[in-house]
K.L.:
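Quick one: the structure is below, questions incoming.
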Amino acid sequence: MKVVTFDQEALDRHAARLAEQVARDMPPGGYDAVVGIRRGGSLVCDAFCRHFPAGAFRMRTDVWLQRSSTKRKTPAVAAFLKRLPYGVLNLLRMAEARLLALRHRARGHQEERKVEIPAPLAGMLTSVAAPRVLLIDDAIDSGETLRAAAAAIKDVNEASDVRVAVLTVTTSRPVADADYYIYHNHTLIRFPWSNDYKNPVAGQLS
């Protein structure tokens with residue numbers, strides 16, 4: 001397991017690589033919708049769409065879903081984290097990732113997660129016989145988030161062809177995996193919007 005830090009330029013560069021990968025395997029006619037999962041997934045999706053071929057999708061939107069294990073850090077905690085060196089922050093991230101993986105395996109069942117489908121996306125899903133949807137998130141950990149999002153889309157139209165693109169898959173056997181990815185080797189990414197993100201120094205970007 002390792003941790004890499006992305007500044008905005010690194011995020012844009014890797015989103016471009018992901019867009020190129022998806023474009024090489026694009027279904028005929030492109031996608032009816034490219035959908036980000038808020039919040040990190042929507043920011044990755046914005047960067048992705050800047051590099052995806054023009055006319056390759058009809059709609060760009062987001063879905064809303066909250067991971068049950070996600071807890072917002074207070075400003076004081078975030079400020080404290082930013083004072084720690086990246087070596088310590090990396091160890092904390094890896095420990096947290098292992099703890100969450102253990103909790104997921106011990107739980108052994110699917111979590112209930114509410115997904116909000118925006119009206120324009122729901123309208124498109126009901127008006128197209130077999131809509132092609134590309135779901136984009138920043139990372140897959142347990143996979144529960146993307147499984148819930150894909151299930152919500154198929155609840156609207158079970159004929160939907162849902163594919164998934166992420167920057168990293170951090171676990172070996174997520175319940176929902178990615179069709180397209182940059183990392184699939186337990187790489188944790190620190191994004192510009194992460195609570196422990198600081199202006200990185202040379203050698204910390206990947």
K.L.:
Before accepting this row, confirm whether a basic side-chain N of the pair Arg147/Glu144 lies closer than 4.0 Å to the acidic partner's carboxylate O.
P.N.:
yes

K.L.:
Would you give the length of the straight line joining atom CZ of Phe52 to atom CD1 of Ile136, rounded to the nearest 0.5 angstrom?
P.N.:
7.5 Å

K.L.:
Once rounded to the nearest 0.5 Å, what's the spacing between atom CZ of Arg98 and atom CZ of Arg93?
P.N.:
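Output value for this atom pair is 13.5 Å.
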
K.L.:
Which class fits the ring pair Tyr181 and His184: parallel under 30°, tilted 30 to 60°, perpendicular over 60°?
P.N.:
perpendicular

K.L.:
What are the two closest non-hydrogen atoms of Leu125 and Asn157, and how far apart are they?
P.N.:
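What the structure gives for the nearest pair is O-ND2, 2.7 Å.
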
K.L.:
Just wondering, do Thr126 and Val156 contact through their side chains at under 4.5 Å, heavy atoms?
P.N.:
yes

K.L.:
Kindly give the heavy-atom pair with the smallest separation between Ala33 and Met124, and that separation in Å.
P.N.:
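Reported closest heavy-atom pair: CB-CE, 3.6 Å.
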
K.L.:
Tell me whether Lys2 contacts the main-chain N or O of Asn90 through its side chain, where contact means a donor paired with an acceptor under 3.5 Å.
P.N.:
no

K.L.:
Just wondering, do Leu43 and Trp193 contact through their side chains at under 4.5 Å, heavy atoms?
P.N.:
yes

K.L.:
Where is the tightest heavy-atom contact between Ala149 and Val63, given as atom of each residue plus distance?
P.N.:
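Heavy-atom minimum between the residues: CB-CG2, 4.4 Å.
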
K.L.:
Which distance, rounded to the nearest 0.5 Å, do you find between the CZ of Arg58 and the CG of Asp32?
P.N.:
5.0 Å

K.L.:
If you define the side chain from C-beta out and look only at heavy atoms, does anything of Ile117 sit under 4.5 Å from Asp155?
P.N.:
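No, every pair of side-chain atoms sits at 4.5 Å or beyond.
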
K.L.:
Would you name the heavy atoms of Gly30 and Met26 that are closest together and state the gap between them?
P.N.:
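Shortest heavy-atom contact: CA-CG, 3.7 Å.
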
K.L.:
Can you check whether Leu11 reaches Leu167 side chain to side chain, under 4.5 Å on heavy atoms?
P.N.:
yes

K.L.:
Just wondering, do Pro120 and Thr61 contact through their side chains at under 4.5 Å, heavy atoms?
P.N.:
no

K.L.:
Considering non-hydrogen atoms only, spot the tightest contact between Ala129 and Ala159 and give its length.
P.N.:
O-CB, 3.4 Å

K.L.:
Just wondering, do Val162 and Leu135 contact through their side chains at under 4.5 Å, heavy atoms?
P.N.:
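Yes, side chains in contact.
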
K.L.:
Let me confirm one number: the NE2-OG1 distance from His186 to Thr171, rounded to the nearest 0.5 Å.
P.N.:
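Here the rounded value is 7.0 Å.
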
K.L.:
Less than 4.5 Å apart, side chain to side chain, heavy atoms only: is that true for Leu89 and Lys198?
P.N.:
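They are in contact (side-chain heavy atoms under 4.5 Å apart), so the answer is yes.
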
K.L.:
Working to the nearest 0.5 Å, report the span between CZ of Phe191 and OG1 of Thr5.
P.N.:
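Here the interatomic distance stands at 10.5 Å.
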
K.L.:
Are Thr187 and Ile182 packed together at the side-chain level, in the sense that at least one heavy-atom pair is separated by less than 4.5 angstrom?
P.N.:
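The answer is no; the side chains never approach within 4.5 Å.
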
K.L.:
Run the salt-bridge test on Arg60 and Asp46 with the 4.0 Å N-O cut-off and return the result as yes or no.
P.N.:
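Salt bridge between Arg60 and Asp46, a charged N being under 4.0 Å from a carboxylate O: yes.
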
K.L.:
Could you please spell out the steps behind the side chain to side chain contact (heavy atoms under 4.5 Å, CB included) verdict for His14 and Ile189?
P.N.:
CA-CA 11 Å; His14 286 79; Ile189 300 176; over 6 Å; no

K.L.:
Under 3.5 Å, side chain of Asp196 to main-chain N/O of Arg190, donor-acceptor pair present?
P.N.:
no

K.L.:
Where do Asp138 and Val166 come nearest, in terms of heavy atoms and distance?
P.N.:
O-CB, 4.2 Å

K.L.:
Would a hydrophobic clustering, with Ile, Leu, Val, Met, Phe, Trp and Tyr connected at side-chain separations under 4.5 Å, put Leu99 with Met94?
P.N.:
no

K.L.:
Rounded to the nearest 0.5 Å, what separation is found between the CZ atom of Phe48 and the CD atom of Glu20?
P.N.:
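CD of Glu20 is found 10.5 Å from CZ of Phe48.
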
K.L.:
State which residue, out of Val175, Thr170, Val164, Thr168, fulfils the side chain to side chain contact (heavy atoms under 4.5 Å, CB included) condition with Ile140.
P.N.:
Val164

